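The structure appears below as structure tokens.
Note that the coordinates shown come from a computational prediction; the quantities given were computed from them, not determined experimentally. Within every chain, numbering begins at 1; the chains are lettered A, B, ... in the order of the sequence lines, protein sequences first and strands thereafter.
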Amino acid sequence: MTAAGAASPGEAEPPGPFDPARLNDQEQARLHKLALLRKQGLDPYPARVERTHTIAEARALEPGTDDDAPQIAVAGRIVLLRDLGRMSFAQLDDGTGVIQIMVRRNQVGADWYREVWKACVDLGDFLSVRGSLVLTRTGELTVDAQACTVAGKALKPLPDKWHGLQDPEARYRRRYVDLLANPEVREVFRLRARTVRSIRNFLDDLGYLEVETPVLQPIYGGAAAQPFTTHHNQLHQDLYLRISFELYLKRLIVGGLDRVYEIGRDFRNEGVSFKHNPEFTQLEFYEAWSDYQGIMERLEAMLAKVAVDVCGTTEVAHQGRTVSFAPPFERMTLRDAILEHTGLDIHELAAEADLRDAMRARGMDTGDDPNWGKLVDSLLSRYVEPRVTNPMFLYEYPKAISPFAKGVPGEPRLVERFELFAAGMEVSNAFTEINDPMDQYQRFLGEKFLREHGDDEAHQVDDDFVEALTWGMPPTGGCGVGIDRLTMLLADRPNIREVILFPHLRDADQG
RNA sequence: GGGCCCCUAGCUCAAUUUGGCAGAGCAACGGACUUUUAAUCCGUGGGUUCUGGGUUCGAGUCCCAGGGGGCUCACCA
């Protein structure tokens, strides 16, 4: 860091976070112990300490007695501490596991035991312990300490050792406390990482190329959503944070990269809910010489493999239900699904006024939906989506809400598109991509019309993308998958904030 | 954004129904204990009851306003 005294801190320095007046009794006690360690010439924050084995490695060793016991050094955070006269038991956690240590006065020396161990070491501190790996009388694998070193003093008390940290707000705002106090939370994020790795392996093995496309975009598109806006000062250019990768990935298909995918962050300037965070992680993959049927099979195979890689089975427990990722997934047209759940036939009710009247006649709220497509979308998300448990493909979508999907031959109102639903959520959205530049241009004009008539999620015209298509694009299928939601499913979490390390929250400042 | 619920010690929670000394467990501090397993036992300290107003002799509790969070509806993926 900066040279000491560079800013000439004097007595006028504000007290800061270590002002005893701002600390509770426990924090003051720890601060005092920190000073006590230093007074004894011990560094509470050494750069390195002895460690021969991770705790997981140590647990795999065969313990001994006396002379034949393995001599090891482990290190970790003290998560449990029991004093027992002139000895103590503690448990260390290093992220690979937990192991018990035994600190005996006769072994470590009476002075050290009294002046350091009893006087300065707290629950929550990091510690390095060298000693023999033995079994205690009750058969617990234990490091019988010969020597200990404080490896990182904690100045805050640990949350309740039994209940951990429960308050959701505290858990999200200080995720590090959540992670250190609630080991099962660490597992969620390990599972999330395995999920992403499994997806990468699946696509890589199929010859897909992983790419990265711009997050800052002059024209946003590829989904129906409101963007975050930002500005490039030097270039005097307004920019948007991407709401999807779609239009850039398809430019790569034009360029001859026949199988591409990207895993990254999308940003949508909209409400938050149990399944919505303003920034979220999306997978999009595009495959030339495929179509929405081919993509359906790809996705089915991918999710079945991911479920097995991550959960060891295709039958995944989620919130008291079982979600089966065993292929083939159920397939149903969107029309049939809506018909089944609402009794409304969107093919018959093909005019906005007719559909709106029919919905109102059934007491359904059609409030803010500005057009026919949005009404269909409402029926789907309100009456179909919540009722789907096992993965189900709904296919053949209205052209009116699908500006990038190719039309179904002979069905002027339908496009070759599907969405995958599971556990009451939309998990994926895919279609046969439009490769006819004139068709795409007409779709953009249609979006422009909607935009001018009150649909502020309708697309901007992206002339540059249309031009890309004029250079020729092969028949292509493409797909987007919500990684956070998939993780919710696989990790059996009820809420997207449980699978995002630092979910978005309001400012904590008080007014 | 709407509706409902919540915010009390470092943590987990009581006390709110019916306004009357703000409590327990863990953690901390002092003590006992050399094989514990959420160790046990004895003792001690610890509070801006989210914030600001109001009603009242008296407010954690009732009323108003604000902040944050949760659930839910709307919207989106």
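Only the P atoms considered, B/C29 is 43 Å distant from B/U18, to the nearest whole Å. Across the P atoms, B/G20 and B/G60 are found 10 Å apart, a figure rounded to whole Å. Spacing between B/U49 and B/G10 at atom P, rounded to whole Å, works out to 12 Å. Only the C1' atoms considered, B/C5 is 24 Å distant from B/A9, to the nearest whole Å. Separation of the P atoms belonging to B/G23 and B/A15 is 15 Å when rounded to the nearest angstrom. Straight-line distance between the C1' atoms of B/U16 and B/G31: roughly 39 Å, to the nearest whole Å. Comparing B/G70 with B/C57, their P atoms sit 40 Å apart, to the nearest whole Å. B/C7 and B/U61: their C1' atoms are spaced 14 Å apart (whole Å).
Salt bridge A/R77/A/D94: absent, no basic N to carboxylate O contact under 4.0 Å. Ionic pairing of A/R173 and A/E169 is present here: one or more N-O contacts between side-chain nitrogen and carboxylate oxygen are shorter than 4.0 angstrom. A salt bridge is absent between A/R192 and A/E187: the closest approach of a Lys/Arg side-chain nitrogen to an acidic carboxylate oxygen does not fall below 4.0 angstrom. Electrostatic pairing of A/E419 and A/R417 counts as a salt bridge here, judged by a charged N lying under 4.0 Å from a carboxylate O. One finds no salt bridge joining A/K275 and A/D484 here, because no Lys/Arg side-chain nitrogen approaches an Asp/Glu carboxylate oxygen to under 4.0 Å.
Base pairing of B/U18: no nucleotide in any strand meets the Watson-Crick or G-U wobble criterion (both distances under 3.5 Å). Remark: B/G45 base-pairs with no nucleotide; criterion is Watson-Crick or G-U wobble with both hydrogen-bond distances under 3.5 Å. Pair assignment for B/C4 gives B/G70, based on Watson-Crick or G-U wobble hydrogen-bonding distances that are each under 3.5 Å.
Note on A/G480: nothing from the nucleic acid sits closer than 4.0 angstrom, heavy atoms only. In this structure, A/M425 reaches neither bases nor backbone, as no heavy-atom distance under 4.0 Å exists between it and the strands shown. Among the atoms of the strands shown, none is found under 4.0 Å from any heavy atom of A/N269. Across all strands shown, A/L158 has no heavy atoms under 4.0 Å from either base or sugar-phosphate atoms. If you check every strand for non-hydrogen atoms under 4.0 Å, A/R485 touches a base. Within the 4.0 angstrom heavy-atom criterion, base atoms lie near A/E140. Nucleic acid contact class of A/L84 (heavy atoms, under 4.0 Å, all strands): base. Using a 4.0 Å heavy-atom criterion, one finds that A/N106 contacts the bases of the nucleic acid, with or without backbone contacts as well. As judged by a 4.0 angstrom heavy-atom cut-off over every strand, A/K275 is placed among the base-contacting residues. Using a 4.0 Å heavy-atom criterion, one finds that A/A181 contacts no nucleic acid atom at all.
For B/U36, its base never sits under 3.5 Å from the side chain of A/D83 at any donor and acceptor pair. Side chain A/D160 to base B/G25: a donor-acceptor pair is found below 3.5 Å. Judged by distance alone with a 3.5 Å cut-off, no donor-acceptor contact links the side chain of A/R137 to the base of B/U35.
Under the 3.5 Å distance criterion, the side-chain polar atoms of A/Y220 are left unmatched by any main-chain donor or acceptor of A/L241. A side-chain donor-acceptor contact under 3.5 Å links A/R443 to the backbone of A/S402.
Between A/K33 and B/C29 there is a side-chain N or O to OP1 or OP2 distance below 4.0 Å. Residue A/R173 places at least one side-chain N or O closer than 4.0 Å to OP1 or OP2 of B/G69. In this structure, A/R171 does not reach the B/G70 phosphate: none of its side-chain N or O atoms is under 4.0 Å from OP1 or OP2. Remark: A/R86 is not in phosphate contact with B/A32, judged by side-chain N or O atoms under 4.0 Å from OP1 or OP2. One finds no side-chain N or O of A/K161 lying less than 4.0 angstrom from the OP1 or OP2 phosphate oxygen of B/C11. When the side-chain nitrogen and oxygen atoms of A/S378 are compared with OP1 and OP2 of B/C75, one or more of them lie within a distance under 4.0 Å.
Taking atom CZ of A/R265 as the reference point, atom P of B/A77 lies 19 Å away to the nearest angstrom. Note: CD (A/E27) to C1' (B/C29) measures 15 Å, nearest angstrom. Whole-Å rounding puts the A/Q91 CD to B/U35 P distance at 18 Å. Rounding to whole angstrom units, CD of residue A/Q166 and C1' of B/U8 are separated by 17 Å.
Other residues, nucleotides and ligands place more than 12 heavy atoms under 6.0 Å from the CZ atom of A/R175. Within 6.0 Å of the CZ atom in A/F449, the count of heavy atoms belonging to other residues, nucleotides or ligands does not exceed 12.
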As a quick check of understanding, evaluate salt bridge (charged side-chain N to carboxylate O under 4.0 Å, His left out) for A/R265 and A/E279, giving each step before the final call.
CA-CA 6 Å; A/R265 209 69 62 84; A/E279 52 183 296; 2.6 Å; yes
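Considering only side-chain atoms of A/F274, the nucleotide from B/G70, B/A27, B/U72 that sits closest is B/U72.
Comparing A/E385 and A/E169 against RNA chain B, the residue whose closest nucleotide sits nearer the 5' end is A/E169. Taking for each of A/H504 and A/Q100 the nucleotide of RNA chain B with the nearest heavy atom, the 5'-most of the two is the partner of A/Q100.
Taking the ring centroids of A/Y395 and A/F418, they lie at or beyond the 6.0 Å cut-off.
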Table of protein N/O atoms under 3.5 Å from nucleotides 42-47 of chain B N/O atoms:
{"unit_1": "B/G45", "atom_1": "N2", "unit_2": "A/D25", "atom_2": "OD2", "d": "2.3"}

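Look at A/F280 and the base of B/A77; the rings stack, centres closer than 5.5 Å and planes less than 30° apart.
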